[in-house]
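As the structure lists them, so they are numbered: ligands from 1, and atoms in each ligand from 1. When a residue number appears, it is its place in the shown sequence, counting from 1.
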Amino acid sequence: MSEYGRRAVSDDYQLGQVLGTGGFSVVRIGVRKEDRLQVAIKTLKKYGYGTGKGKRKGKGHAGSEARMWQAEALVTNEILVMMRIVDYVSPHPNIIHLLDVYEDDDAVHLVLELCRGGELFDRIVEQERYSERDAATVVGQIAAGLAALHHCGIVHRDLKPENCLYADPHPEAPLKIMDFGLSHIHNVTNAVVGVFGSMDYMAPEQLNMSGTMPANDRWSLGVILYILLCGYPPFRAKTTRDKQRRILTGAYSMEEESWGCISLEAKELIRGLLSVDPFVRPSAAELLSHPWVSGESATRELIHEAVFIRFQAFNARRKFRAAAYASIVRTKFQLRTKYLKELIGDCILTAHQMDGPLPLKNFSTFCAQWTCRA
Ligand SMILES: Nc1ncnc2c1ncn2[C@@H]1O[C@H](COP(=O)(O)OP(=O)(O)OP(=O)(O)O)[C@@H](O)[C@H]1O
């Protein structure tokens, strides 16, 4: 690490084009002045809760204070998790590498390796077609990254295609897991972080808040694999409540016609990863030695054309939603936590209605207090 807190990021890096905007962050290309190395600089804004900085003037803005507190908890968590990655995981080909950290009065700047190869699903869409073998390679790379994270006590908790980037445009480039803002480290991560998550990729025990564990990430990997093999997500419903119910009961299907062309091994793997019982899901080691994942049995035959067309449409919708949200959060602070994820607290989930155990007795009060409603 550099002389943390003493040098300004602009002393050492030229800041360039914005790569993207997150819920609480801006990511820019940076060029290290010393050797012209290109990096990604993720600037996490400090909201100043508890320091007197950034507090709203005027009386009783409890909602804003709660949001600032929440924002700060998320930003702090990302920094703590990145630090643990530096200490125990890096360098790993499938985990984003943190090169340096700078801090000033308003923000913390994470200097990350630059991933120039684009998001996972974008690259797949760019290919003419793909095969089960290509999907198996993706699963193998993500499983390798997860194994390293889990080994040092980090649960990613927000694994989804947007958070998997290729290092560079080369066809053999490694796929990197990134964005650790919602990750969990036992006894370190603040409980409020556990309220967030992207429901589409969230395991049942995450959704009903009955357990944060490495198996959460393997469920999310199961969802990614399912989408890769059929072009649509496993849990679809008209209402949020219905979607929750489907996730909690593991109600998905592999009956649609194109599944007929998918190998039994791949379908077995999906069944294992999408088991409602987290202890039934294959471990990272089992995944890595699985014959389909290691490439022995996954076929090179191109995936059904209908799957590819659906996959393209799914990805276009996903990109459109992300762009729409990004333009909103640029202007409205209040919507950032909402944008950050589909809050499970906003989704009226109660233990009684969903028949699931909830460790937080006053869950709805907790959510009302900490979640931001647009
Ligand atoms: N190391 C990197 N190399 C290249 N692009 C990056 C890198 N880190 C982030 N990005 C891009 O910058 C954008 C913002 O990323 P960031 O992690 O801040 O937020 P996000 O994941 O989009 O949002 P949120 O954190 O709110 O879920 C994303 O489009 C991401 O792909």
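- Residue contacts with ligand 1 do not include Val39, since none of its heavy atoms lies under 4.0 Å from the ligand.
- Under the 4.0 Å criterion applied to side-chain N and carboxylate O atoms, Lys319 and Asp122 are assigned as salt-bridge partners.
- With Val18, Asn163, Val27 as candidates, the residue nearest to atom 11 (C) of ligand 1 on a non-hydrogen basis is Val27.
- Checking His156 against Asp179 by side-chain atom types alone, no donor-acceptor pair falls below 3.5 Å.
- Note on Arg129 versus Asp134: no salt bridge recorded, every NZ/NE/NH1/NH2 to OD/OE distance being 4.0 Å or above.
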Stepwise salt bridge (charged side-chain N to carboxylate O under 4.0 Å, His left out) test for Glu268 and Arg271: CA-CA 5 Å; Glu268 259 321 293; Arg271 281 191 198 98; 2.9 Å; yes
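- For Tyr102 and Asp11, the side-chain atoms include no donor-acceptor pair closer than 3.5 Å.
- Less than 4.0 angstrom separates some heavy atom of Ala40 from each of these atoms of ligand 1: 1 (N), 2 (C), 3 (N).
- Here Val26 has no heavy atoms under 4.0 Å from ligand 1, in either its backbone or its side chain.
- Ion pairing between Glu286 and Arg218 fails under the 4.0 Å rule for side-chain N and carboxylate O.
- Judged by distance alone, the side chains of Ser210 and Asn208 do bring a donor and an acceptor atom under 3.5 Å apart.
- Between Tyr252 and Trp259, the ring centre distance reaches or exceeds 6.0 Å.
- More than 12 heavy atoms of other shown residues, nucleotides or ligands fall within 6.0 angstrom of atom OH in Tyr232.
- Of all atoms in ligand 1, listed by their number and element, those nearer than 4.0 Å to a heavy atom of Ile96 are 1 (N).
- At a heavy-atom cutoff of 4.0 Å, ligand 1 is contacted by the side chain of Lys42 but not by its backbone.
- Those atoms of ligand 1 with a heavy atom of Leu165 less than 4.0 angstrom away are 4 (C), 5 (N), 6 (C), 31 (O).
- Of the polar atoms of Glu162, none of the N or O atoms is found under 3.5 Å from an N or O of ligand 1, judged by distance alone.
- At least one heavy atom of Met178 lies less than 4.0 angstrom from ligand 1.
- Assignment of Glu113 to the shell around ligand 1 is supported, since a heavy atom sits closer than 4.0 Å.
- Atom numbering of ligand 1 starts at 1 in the shown order; those under 4.0 Å from a heavy atom of Leu19 are 4 (C), 5 (N).
- Where the criterion is an N or O separation shorter than 3.5 Å, residue side chain and backbone included, Cys115 meets it with respect to ligand 1.
- Under 4.0 Å from ligand 1, not a single heavy atom of Asp158 appears.
- Here Ser25 has side-chain heavy atoms under 4.0 Å from ligand 1, and that is the only part of it that gets that close.
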